[in-house]
Amino acid sequence: MDIDRVITTRSSKKNINSSMLINLLWQILPILVSIVSVPLTIEYYGKELFAIYALAISFIVGMNYLHFGVATNTNRDLSSISLNKIKTRSTIFWSGFVAMLFISIFLTGTFLSLVNIFTLKLDANLINLKETAEIFFKTTIIQTPIILVIIFLRSVLESETKFKITASNRAILNSLLLGSPMIAILLDLSFLTIPFLIFLFNCISIINLAYHCRGYLGLPSPNFTINHFIKIFKSGFSLTLISLGMLIFLYGDRYILSTQTTLVEATYFIVPLDILMRLSFIYGSISAVFFPFFSNLIGQKKYSSFINLYKSGYLIVLILVGLSSSFVILFSSELLVLWLGNDFSRSSSNIMSIIALGIFFTGLTAIPGRALISLQQEMLVGYWYFFASISYIGLSLFLISYYGVIGAAYAFLLRSVVELTFLNLFVTYGTNLLSNSKKMSYKNSFSYSLLPLLFVLIFSLISFDIYLKTVIFCIISILALWMIYNISSLLKSIEFE
């Protein structure tokens, strides 16, 4: 096998704009599928079964945060190593792959042992539902090894900036997973066949990725050393703390609500959160594009270019996610009426608006989060996430116990603002440690974190006439597109190797 043909040599200059555009366009597909699938699933299976399905999907998405940093480490290491160093790349790839398999076995056993405990916490009146939930969750959990290998292979391809492959694979798989209840309905299948459909789609995805990673199968035998595995898990420990913290931040509320309230009440929070979390496809895909470029610039010691790229990426996410969140905040009531009916509009419109603002701040953390890993500051960030996530659980329990479902939305928003502020401060700290680097000031860090708070003003427009709100949003959109165009022009001046 011609390894040099399969593992494409990096060009002297990358077009980050085209990579980002490809990723963004593909992510529209799962968002549209989710919009169509959610109301059909609720109508056909009911709110309780939808909540079970949504929790299972949250588990699958959560695997992106529970790989102990192996996929992230592999991406960073391969991005910063020349393609000519075949032996080193072989060691990085196969060490990461073996580590991922060990982790998947550990996680599968751990979560299978916790299923019974979790299902016992569900509504005591839903005895039959407990059995269904247990079967559904277990069938999903045993797919953990496949899910983690998919995540690993994507990280390998993204280290070579093969975003056309990974973006299409991610978008198609996510669309099939989010549309699996709809497919089951169309085929007149039972609710418990959905995990088996998910298994089928995961198998197709992993075959596709393995084909595109086939060049690594022809690499020379790796030099497995205990020191290399220690390095993986040492860095992985800090990355795991970050991932666990992010997992609790993003998904802890829905599990707490599921045990503290009925599944019907929890659905009024889970449904808007579930659909708005699809915006993570936008900021997640953007940060995925920027990450190997961050690592590449750090490896080349082009620190000023790194800082410029960081600022550009942050502004792009601010504009795109801010625009999407603004639309949801302005038209939350009207959207819910059209999408799910008056019941959800009455019960979830305020919740949806608060979550949308929280998603906006959460999206802004994607770029500083990736930048900090490129700067190898994961230990500092990891300890912060560990203690912050513990505090967040307490905050969520407190607000949910006093304010119910809307308390979970307020906890989500408060957490996102605090998280963004600290990550921007950590990026300033990390860049100031670099030699011969253009410095970032802590004043600018606070500005980057507090400037988005201006979006709170959008809440004052919610009561306006729908036509006036439409005009205002169109003006904001035109301004946003103009800003994106100017930022994209600046990116062309940054060179990569």
Ile367 versus Ile286, closest heavy-atom pair with distance: CD1-CG2, 4.4 Å
Trace of the side-chain contact (heavy atoms from CB on, under 4.5 Å) decision for Phe163 with Glu158: CA-CA 6 Å; Phe163 294 106; Glu158 287 176 348; 3.8 Å; yes
Phe152 vs Leu209, side-chain contact (heavy atoms from CB on, under 4.5 Å): CA-CA, chis, key distance, verdict: CA-CA 10 Å; Phe152 176 78; Leu209 292 171; over 6 Å; no
Centroid-centroid under 6.0 Å between Phe327 and Phe473 rings: yes
Criterion side-chain hydrogen bond (donor to acceptor under 3.5 Å, both in side chains) on Ser159 and Asn75, from CA distance to verdict: CA-CA 5 Å; Ser159 72; Asn75 187 314; 5.3 Å; no
Approximate separation, where rounding is to 0.5 Å, of Glu131 CD and Leu192 CG: 8.5 Å
Any side-chain heavy-atom pair of Phe360 and Ser326 under 4.5 Å: no
Backbone N/O of Leu420 and side chain of Thr365: donor-acceptor pair under 3.5 Å: no
With sequence neighbours excluded, residues passing ring-ring contact (aromatic ring centres under 6.0 Å, His included) with Tyr410: none
Any Phe50 side-chain heavy atom under 4.5 Å of Tyr44 side chain: no
Residue pair Cys203 / Ile146: nearest heavy atoms and the distance that separates them: SG-CD1, 4.2 Å
Set of salt bridge (Lys or Arg N to Asp or Glu O under 4.0 Å) partners for Glu334, sequence neighbours left out: Lys469
Sidechain-backbone polar pair: Ser332 side chain, Met352 backbone, donor-acceptor under 3.5 Å: no
From CD1 (Ile206) to CG (Asn169), nearest 0.5 Å: 10.0 Å
side-chain hydrogen bond (donor to acceptor under 3.5 Å, both in side chains) partners for Thr108, two or more places apart: none
Check: Leu364 and Tyr314 side chains under 4.5 Å, non-hydrogen atoms: yes
Distance in Å, Arg415 CZ paired with Ser389 OG, rounded so as to fall on 0.5 Å steps: 11.0 Å
Close side-chain approach of Ile52 and Phe137, heavy atoms under 4.5 Å: yes
For Leu107, all residues meeting side chain to side chain contact (heavy atoms under 4.5 Å, CB included), sequence neighbours excluded: Met63, Leu66, Phe68, Ile103, Phe111, Thr144, Leu148
Residues which pass ring-ring contact (aromatic ring centres under 6.0 Å, His included) with Phe398, listed by chain and number, not counting sequence neighbours: Tyr402
Side chain to side chain, Val418 and Tyr392, heavy atoms closer than 4.5 Å: no
Main-chain N/O of Ser37 paired to Thr41 side chain as donor or acceptor, under 3.5 Å: yes
Gap separating the CD1 atom of Ile354 from the CG atom of Leu276, nearest 0.5 angstrom: 12.0 Å
Val328 side chain near Leu357 side chain, heavy-atom distance below 4.5 Å: no
Ring center gap for Phe136 and Phe59 short of 6.0 angstrom: no
Residue pair Val70 / Gly96: nearest heavy atoms and the distance that separates them: CG1-O, 3.3 Å
Check against side-chain hydrogen bond (donor to acceptor under 3.5 Å, both in side chains), Arg170 and Ser205: CA-CA 8 Å; Arg170 181 182 287 109; Ser205 176; over 6 Å; no
Student check: side-chain heavy atoms of Val38 and Ser34 closer than 4.5 Å: yes
Under 3.5 Å donor-acceptor, Ser168 side chain and Ile165 backbone: yes
OG-CG distance between Ser349 and Leu335, expressed to the nearest 0.5 angstrom: 10.5 Å
Backbone of Leu101 reached by a side-chain donor or acceptor of Ser104 within 3.5 Å: yes
Set of salt bridge (Lys or Arg N to Asp or Glu O under 4.0 Å) partners for Arg370, sequence neighbours left out: none
Sequence-distant partners of Tyr385, ring-ring contact (aromatic ring centres under 6.0 Å, His included), two or more places apart: Phe249
Test item: Tyr53 side-chain N/O and Leu178 main-chain N/O as donor-acceptor pair under 3.5 Å: yes
Exercise: identify the closest heavy-atom pair between Val317 and Gly363: CG1-O, 3.3 Å
Non-hydrogen side-chain atoms of Leu173 and Phe201 separated by less than 4.5 Å: yes
Under the ring-ring contact (aromatic ring centres under 6.0 Å, His included) test, residues paired with Tyr467 that sit two or more places apart: none
Atom of Phe412, atom of Gly358 and distance for their closest heavy-atom approach: CE2-C, 3.6 Å
Sequence-distant partners of Tyr45, side-chain hydrogen bond (donor to acceptor under 3.5 Å, both in side chains), two or more places apart: none
Salt bridge (Lys or Arg N to Asp or Glu O under 4.0 Å) partners of Lys138, counting only residues at least two apart: Glu134
Over 12 non-hydrogen atoms of neighbours within 6.0 angstrom of CZ in Phe199: no
Shortest non-hydrogen separation from Thr193 to Leu189 and the atoms involved: OG1-CB, 3.2 Å
Side-chain donor/acceptor of Gln143 to backbone N/O of Pro195, under 3.5 Å: yes
Residues which pass side chain to side chain contact (heavy atoms under 4.5 Å, CB included) with Ser113, listed by chain and number, not counting sequence neighbours: none
Donor-acceptor contact present, side-chain Ser396 to main-chain Ile393, <3.5 Å: no
Euclidean distance, Ser324 OG relative to Ile329 CD1, rounded to 0.5 Å: 11.0 Å
Partner residues of Arg154 under the salt bridge (Lys or Arg N to Asp or Glu O under 4.0 Å) criterion, sequence neighbours left out: none
